[in-house]
Amino acid sequence: MSHQVYSKLREPLVTGDVSLHQITEQACAPLERRAGLTWWMAFALALTALGVGAAAVTYEIATGIGTWGLNKTVGWAFDITNFVFWVGIGHAGTLISAVLFLLRQKWRTSINRSAEAMTIFAVICAAVFPLIHMGRPWLAFWTAPYPNFRGPLWVNFRSPLLWDVFAISTYFTISLVFWYIGLIPDLASARDRAKSKIRKFIYSIMSFGWNGSSRVWSRYETAYLLFAGLATPLVVSVHTIVSMDFATSVIPGWHTTIFPPYFVVGAVFSGFAMVMTLLIIMRKVVNFQNFITVNHLENMAKVILVTGSIVGLAYSTEFFIAWYSGNEYEGFTFVNRATGPFAWAYWIMVSCNVITPQLLWFKKIRRSVPMLFILSIFVNIGMWFERFVIVVTSLHRDYLPSSWAYYTPTLIEIATLVGSFGLFFTLFLLFCRALPMLALGEIKSVSKFGRKPRHPELDDHSKPAAKQPGKSTRAHQRETAHV
Amino acid sequence: MSRLVIGVFADEDHVVDATRDCRLAGFEIQDVYTPYAVHGMDEAMGLRRSRLTWVCFAAGAAGCAFALWFQYYTQAVNWPINVGGKDPWQMPAYVPIAFELTVLIGGLTTMLALFVRSRLFPGKRAKLPAPGVTDDKFALVLLQRDSSFDAERARAILAQHHVERVLESGGLS
């Protein structure tokens, strides 16, 4: 926003010298042209995956949880893994929009809209899993504390599983509000350039009569700041509470105090990787390379490197404490993780989360789009396996060796996972067609960042720096700043 | 019957300076319409700080109080459950939900307050002072209430700040 001062050290956030109008043109173009073949192919694929998942879930609900590979020992496996995975993915959006906003990281403006959309869709995917895990999803309303004729018997507010219900629904609601508030001015831009009547009508309803009034902008900015302030601790609380689903139980491998920070960082790590994967595709397909530049990708790569290293530190701390605590059950669980029947999963996790992200120390790799794409996919895989390792390996060999068991997912479970990806991509692809993918207003406000003033009268260095009649104070500041 | 003088600008720096000069010259500024939140505009227009912060704080505090009361009532008064002989009111266990409701109620109330105060609602017809204010134009709208409005002077100030064009209108449609 504030770019009165021009500094040669700052690199422009938007490359290519685009005017404000060109920004609107370019960002609205994907909404206004017909969908291309690539989009239709991607959409058909996503919809097919969604269909597979829907069929699997329908079969599971009609038949029962017995269609899953769970057994007496491993009562939580694929489903909870997927839940934690998707909630984790859902963390990057709000982190980008809220935390980076508070930290005044202006580069967020190009990526926040799509990252927030991704958050919302990921939370929707996540919510499916506890719902189907209930077995009788039509009774999901039992998790709400409503007056009833059973006493009233209330829900147990001391249970982390109930905290989860509140945390996830609050997170979803606030993320949605944050996203929609951000969309309103851009929907107004789309409305005012819409040619067809139907399009104009829909955007009119959705844009709440926005007209760019500065009085409203002033309140809007205050509200936006407040949402950012509320959402920041909220992001931290959500995965903290998810980790407490495990940490408050007395099971070796789960019962650790390191879980809340470890989960939050893991969530940021996986979320950024997913944002990276999607943005690399998106910037290419819809030609947003000048908005989502290699600098943006590099910044994200740095976040991935930091969080990936913290995740690595958490893994080693866990191991160290398992030994140092002297608790033999704890020790066994961790040795079993690394060398037992699920060692393959553990080592996939370590290679994808700890080893490969270290390549991001090299600037060449951080700025190579294909490498970033591959590494981000690795992180996605690694973080899925992290949750699998935590959930399954802690359970499968419990205190009684006679009840030790192995866990293999059934086709139904795999189809459900595929379906959740289908749901995610279906929603994301629809978003790409229906709503502005870039936060127009915010990008416009930084479009001059790190760029010399466009106006010839401000560029003239030969004139004395003294204030001339008709020359603005702001222009004057800007001119003198880089003399 | 008040009339409006609308100056359309193409650059944020110009419109900010023009706004400030017009306000200092005693003109009444109806509003400034911009495609994005222009930094320094509140100062140029002489706007007061928004009081939404207080709304948010009050609603958040109310949400927190409600959550604590509700949990206390259901868990310790209405139907206390004996878990291992522990006191049914254990404060730390009730903090997470109290926090979530603080955020939820604080956030939703702030949103509603923003919409109500700014009169934004679904389906409202947008009243634009000039085409392009949601794209790349900046419109400074001066309110002309009576004959004391010095139109010549207003135009001079606008022109001094590189106004693109000046429109006059009876009201925003």
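Chain letters run A, B, ... following the sequence lines, proteins first, then strands; residues in each count from 1.
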For [Y], does its backbone N or O pair with a side-chain atom of [X] as donor and acceptor, under 3.5 Å?
X: B/R49; Y: A/T222; answer: no
X: A/D192; Y: B/T134; answer: no
X: A/E221; Y: B/H39; answer: no

By number, which residues in residues 174-184 of chain A have some heavy atom less than 4.5 Å away from chain B? A/I174, A/V177, A/I181, A/I184
Between [X] and chain B, with a heavy-atom cut-off of 4.5 Å, which part of the residue counts as in contact: side chain, backbone, both or neither?
X: A/P160; answer: neither
X: A/N156; answer: both
X: A/L226; answer: side chain
X: A/V165; answer: neither
X: A/L234; answer: both
X: A/R191; answer: side chain

Kindly give the heavy-atom pair with the smallest separation between B/L47 and A/S218, and that separation in Å. CD1-CB, 3.8 Å
Region of [X] that comes under 4.5 Å of a non-hydrogen atom in chain A:
X: B/M41; answer: side chain
X: B/F57; answer: neither
X: B/V32; answer: both
X: B/L114; answer: side chain
X: B/D135; answer: both
X: B/R117; answer: both
X: B/Q90; answer: side chain

Residue pair B/S50 / A/R219, side-chain donor-acceptor N/O under 3.5 Å: no
Please report whether the ring centroid of A/W217 lies less than 6.0 Å from that of B/Y33. no
For the rings on B/Y94 and A/F157, is their centre-to-centre separation under 6.0 Å?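 Judged by ring-centre distance (under 6.0 Å), B/Y94 and A/F157 do not meet the cut-off.
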Non-neighbouring partners of A/W163 that pass side-chain hydrogen bond (donor to acceptor under 3.5 Å, both in side chains), sequence neighbours left out: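 Result, side-chain hydrogen bond (donor to acceptor under 3.5 Å, both in side chains) vs A/W163: none returned.
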Evaluate A/S213 against B/D31 for side-chain hydrogen bond (donor to acceptor under 3.5 Å, both in side chains), listing each step before the verdict. CA-CA 6 Å; A/S213 147; B/D31 214 332; 2.4 Å; yes
